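It should be emphasised that the depicted structure is a prediction, and the values quoted were computed from it without experimental measurement. FYI, the numbering just counts along the sequence from 1.
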Amino acid sequence: MWLLVLGVLLLLFCNLDVWYFLRGAQVFLEALLQPRVPDILAEQSVDGVVLPHDLDYMGHMNNSRYLRECDFARFHHYMRNGLFLTSRRLGATLVVGASTIRYRRSLAFREAFEIRTRVLGWDDKAFYLEQRFVSKKDGFVSAVMLCRQNVVRSSPESVIEAVCKQKVQCPEFPEDLKHWISFISASSQALRAESGLEEKNK
């Protein structure tokens with residue numbers, strides 16, 4: 001019996017990122033048990049610490065771990081302000097359409113940090129968020145990420161109206177976000193032209 005259990009566990013760990021799904025379940029339960037954040041524009045933070053499995057060959061937090069931690073922080077954010085469960089009720093899905101991260105200073109082994117997540121605004125297709133890794137040692141912003149979260153089969157406005165029971169005015173986009181959106185748009189146009197999609201759509 002024990003051999004069968006060990007065999008199943010080995011199969012799971014070899015073929016699935018089991019720790020990812022366990023962590024996702026933990027984040028879901030924690031967010032569910034915490035007080036609701038009614039203001040969708042309010043900044044929320046989650047705590048973290050650099051553990052051995054986060055390290056790269058240089059002894060710093062691996063670059064890919066930042067993106068993974070951002071995923072969990074966004075999910076936590078959406079759970080607490082109601083955007084996730086409401087979008088599911090509307091039959092919509094939230095999918096990352098673009099992200100750019102800027103690393104400013106490495107996070108070292110056992111260094112405590114917090115990820116501060118906030119919605120900067122939205123358009124007819126996506127939410128735009130900023131996520132900051134702030135060292136608890138000295139308050140330094142170690143990394144900052146911009147993320148475009150596409151809303152599939154609905155719109156940000158519809159999701160927000162369902163959450164807030166009223167229309168909410170989108171704040172004015174910060175300058176750096178405007179530049180970033182322009183970059184995404186230019187990149188998409190260049191890739192369409194490269195693949196010949198623009199000619200086919202004429």
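The closest side-chain heavy-atom distance from S185 to Q189 is below 4.5 Å. Counting heavy atoms from C-beta on, the side chains of C147 and V96 come closer than 4.5 Å. At least one side-chain heavy atom of R192 sits less than 4.5 Å from a side-chain heavy atom of S188. Considering only heavy atoms from C-beta on, S87 stays 4.5 Å or farther from V151 through its side chain. Side-chain contact check for Q34 versus L29: every heavy-atom pair is 4.5 Å or farther apart. E69 is listed as a side-chain neighbour of F133, based on a closest heavy-atom distance under 4.5 Å. For the pair M79/L32, a side-chain contact is recorded, criterion being any heavy-atom separation below 4.5 Å from C-beta on.
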I'd like to know whether L83 forms a side chain to side chain contact (heavy atoms under 4.5 Å, CB included) with F127, so could you lay out the CA-CA distance, the side-chain angles of the two residues, the decisive distance to 0.1 Å, and finally the verdict. CA-CA 11 Å; L83 290 178; F127 289 106; 4.2 Å; yes
Side chain to side chain contact (heavy atoms under 4.5 Å, CB included) between R88 and T93, intermediate numbers included: CA-CA 7 Å; R88 298 300 291 175; T93 307; 4.0 Å; yes
Does the pair L94 and N150 meet the rule for a side chain to side chain contact (heavy atoms under 4.5 Å, CB included), with working shown? CA-CA 6 Å; L94 302 175; N150 293 340; over 6 Å; no
N62 and L55: side chain to side chain contact (heavy atoms under 4.5 Å, CB included), yes or no, with the steps? CA-CA 5 Å; N62 187 305; L55 301 177; over 6 Å; no
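In summary, D39 and R118 do not engage in a salt bridge, as defined by a charged side-chain N under 4.0 Å from a carboxylate O. Residues D176 and R102 are not paired through a salt bridge, judged by the lack of any N-O separation under 4.0 Å between the basic side chain and the carboxylate. A salt bridge links E130 with R132: at least one charged nitrogen is closer than 4.0 Å to a carboxylate oxygen. With respect to the salt-bridge test (charged N to carboxylate O, under 4.0 angstrom), the residues D47 and K136 qualify.
Within a 6.0 Å radius of CG in L3, no more than 12 heavy atoms belonging to other residues, nucleotides or ligands are found. The number of heavy-atom neighbours closer than 6.0 Å to CZ of R153, taken from other residues, nucleotides and ligands shown, is above 12.
Remark: the Q26 side chain and the E30 side chain contain an N/O donor-acceptor pair separated by less than 3.5 Å. Defined by atom type and a distance below 3.5 Å, a donor-acceptor pair is missing between the side-chain atoms of R74 and T117. Checking S158 against S155 by side-chain atom types alone, a donor-acceptor pair falls below 3.5 Å. In the model, H77 has no side-chain atom that pairs as donor or acceptor with a side-chain atom of Q131 under 3.5 Å. Using modelled atom types and a 3.5 Å distance limit, the side chains of E111 and S135 yield a donor-acceptor pair.
Interatomic distance, N63 CG to I101 CD1, rounded to the nearest 0.5 Å: 8.0 Å. Between S106 atom OG and D56 atom CG the span is 7.5 Å, to the nearest 0.5 Å. Taken from CG in L67 to OG in S99, the straight-line distance is 5.5 Å, to the nearest 0.5 Å. Rounded to the nearest 0.5 angstrom, I160 CD1 and T86 OG1 are separated by 10.5 Å. In this structure, H53 NE2 and M61 CE are separated by 9.0 Å, a value rounded to the nearest 0.5 Å. Summarising the geometry, atom CH2 belonging to W122 is positioned 11.0 Å from atom CG belonging to L129; distances are rounded to the nearest 0.5 Å.
F75 and F113 fall into different hydrophobic clusters, where Ile, Leu, Val, Met, Phe, Trp and Tyr residues are linked whenever their side-chain heavy atoms come under 4.5 Å apart, directly or through other members. In the hydrophobic cluster analysis, where Ile, Leu, Val, Met, Phe, Trp and Tyr join through side-chain heavy atoms closer than 4.5 angstrom, V152 is grouped apart from L90. When hydrophobic clusters are built by joining Ile, Leu, Val, Met, Phe, Trp and Tyr residues whose side-chain heavy atoms come closer than 4.5 Å, directly or via intermediates, V37 is not grouped with V119. Under the 4.5 Å side-chain heavy-atom criterion for grouping Ile, Leu, Val, Met, Phe, Trp and Tyr, F109 is not connected to V134 through any hydrophobic cluster. F84 and V95 fall into different hydrophobic clusters, defined by Ile, Leu, Val, Met, Phe, Trp and Tyr side-chain heavy atoms under 4.5 Å apart, directly or through other members.
Between the side chain of R116 and the main chain of E43, no donor-acceptor pair closer than 3.5 Å is present. Looking only at distances, a side-chain donor or acceptor of D54 sits under 3.5 Å from a matching main-chain atom of L51. Here the side chain of R104 pairs a donor or acceptor atom with the backbone of V141 at under 3.5 angstrom. The backbone N or O of K125 sits less than 3.5 Å from a side-chain atom of D123, completing a donor-acceptor pair.
When the options F21, W19, Y20 are evaluated for a ring pair (Phe, Tyr, Trp, His ring centres under 6.0 Å) with F13, the one that passes is W19. When I115, V46, N81 are each tested for a side-chain contact (heavy atoms from CB on, under 4.5 Å) with H76, only one passes: V46.
Through direct or indirect side-chain contacts shorter than 4.5 Å among Ile, Leu, Val, Met, Phe, Trp and Tyr, F183 is connected to L120, Y128, L146, F173, L177, W180, I181, I184.
In this structure, R23 forms a cation-pi arrangement with F72, its terminal cationic atom sitting closer than 6.0 Å to the ring centre and no more than 45° off the ring axis.
Here Y103 and Y66 bring their ring centres to under 6.0 angstrom of each other.
Pairing each heavy atom of G121 with each of C170, the nearest pair is CA-SG, 3.7 Å.
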